[in-house]
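Presented below is the structure to which this report refers.
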There are 2 protein chains.
Amino acid sequence: MSDAEYVSIWMRPERPARGPKPAYSRAQITEAAIRIADTEGLEAATMRRIAAEIGAGAMSLYRYVPSRDDLIALVADRLMGEIDVEGMPSGDWRADLTRYANEVRAMWLRHPWIATVHRSLPGLGPNQLRLIERVMGTLDAHVPIDENLGLMAILTGYVEGTVREEVSAAEELRRSGLSESEWMARSSPRVRQLLESGEYPIFTKIVMEARRPHLSRDEQFRYGLERVLDCIAAALPSTAGPESENPPNP
Amino acid sequence: MSDAEYVSIWMRPERPARGPKPAYSRAQITEAAIRIADTEGLEAATMRRIAAEIGAGAMSLYRYVPSRDDLIALVADRLMGEIDVEGMPSGDWRADLTRYANEVRAMWLRHPWIATVHRSLPGLGPNQLRLIERVMGTLDAHVPIDENLGLMAILTGYVEGTVREEVSAAEELRRSGLSESEWMARSSPRVRQLLESGEYPIFTKIVMEARRPHLSRDEQFRYGLERVLDCIAAALPSTAGPESENPPNP
DNA sequence: CTCCACTGGGTACGTCGTACGCGGTTATGC
DNA sequence: GCATAACCGCGTACGACGTACCCAGTGGAG
């Protein structure tokens, strides 16, 4: 629909110039939404609930934000702001990317509900942009931009993919409103059925491993991350840093 | 809530034994939901809309499915069924994983809205389980299960991460109801602002690259996939297959 | 002082998932 | 063959959602 008034949230100024002083702010609203989402899940962060959280009427929020979707975009970018990439690129790309990966994971674990917001393609928010500049900047000196994008896709794919899996169990649990033991009691009949059928040997191994894991989640993550970084190292020309001996690529 | 009647959708039989013959079926309902989602997006697949699609009353669906969430779980597993992993493991793990990756990507491109459903941790649906057995089976002969899980996390993370990005632009577009040119016209002011500010050199490079890409999306995907497979190869013991020491290149 | 662009917010509408219960239909126990 | 209970499809209704619209009040610009 050609809605002539449409402007991206990132271009829309917080408030027009004239008129009385506003009682609230985008930052305050965003913060309230995050606070609610952290404790009750993102689906509990309704417009009415957020407004109540800051002591406003529901419709007042629309003076600050055009729609709930735009508010979620603000929230997502605010979360990106929690990822500390200060001082990047430092010159040591491997250290930079390791720090970045751990920061992203930590943020996701703090705000598991982030898994339920489907990113709008180029975030284009200030924090998202800052991340792009800092993080992709670490490889920018070594590879052309298209290859940089390809390698970053591997890294962020790994990080988000694994942490998404870590987090979705906890989310599922919270959504269902069950305690962990209740949840186990409910899913275990299905698991037991599958184990006893004998048709799923690999799944059986996975369950056994999950019951007595060799590595903690942190260690698992770090192990995979090292693999991914090795993979990136192999794709870099040999001038690329302290530890690199592999042949370069076209 | 200790809702004593809860049973997982995968354990709940389609219909009880007694009573008159049912007019519809889970498969039919699932199919209708997918048909609607394919043409109008997942959010258009409401219970009423799905019921109308098969000529039923809205509430009739609840005779077949306990809730919309469970229906979505059915839909997701049905989509997994589109991923052809017949004949895996074949003995050539690299060929198997390449095929798997391409199948997953093709499925996502056929059903972009799949990006908006957040997976419940262990799908435990029949097709999901079949995938686990076949795909993880390809590395099972070479590595212990915990390492297999780690390597798979890298592969699926890469595949889902990249295709999610490919797809979310199209989804964003469809959701907004805009034509591509309208969408460009609306986001370009922000992009132009960013380019002209001069503060985002990397972002600028990305935009330039996007305007005249060196590689097609398919080629980008295949390039990254080869890198990931190299990475997996490096983690495998040397007994692991036909081509296991030197990575070939395009 | 007047004006009016702005404020916060109450009311109301359309849509969603779905609880509940109805009259009709059918497989089962006698 | 027949009563009965189990199951059918589905109409109605409820509470919650996002948000369009409208209003009375406010405070800076002229």
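Convention: sequence-line order gives letters A, B, ...; per-chain numbering from 1.
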### Results of side-chain hydrogen bond (donor to acceptor under 3.5 Å, both in side chains) for B/R35 - residues two or more places apart only
B/E53

### Task
Mind jotting down which residue pairs meet the salt bridge (charged side-chain N to carboxylate O under 4.0 Å, His left out) criterion with at least one end in residues 102-111 of chain B? Sequence neighbours excluded, please.
B/E82-B/R110, B/R105-B/E166, B/R105-B/D218

### Task
Under 4.0 Å between any heavy atoms, over every strand shown, what does B/A51 touch: base, sugar-phosphate, or nothing? Just pick one.
nothing

### Message
I need a per-nucleotide contact map over nucleotides 13-23 of chain D, read 5' to 3'. Cutoff is protein heavy atoms under 4.0 Å; write B for the base, S for backbone only, - otherwise.
### Response
B---BBBBBB-

### Query
Does any donor atom in the side chain of A/R190 or A/Q193 lie under 3.5 Å from an acceptor atom in the other side chain?
yes

### Query
For the pair made of CG in A/L61 and P in C/dG8, what is the distance, rounded to whole Å?
10 Å

### Salt bridge A/D70-A/R12, side-chain N to carboxylate O under 4.0 Å
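Here A/D70 does not pair with A/R12 in a salt bridge, since their nearest N and O are not under 4.0 Å apart.
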
### Message
Looking at A/R164 and A/A115, would you say the former's side chain and the latter's main chain have a donor-acceptor pair under 3.5 Å?
### Response
yes

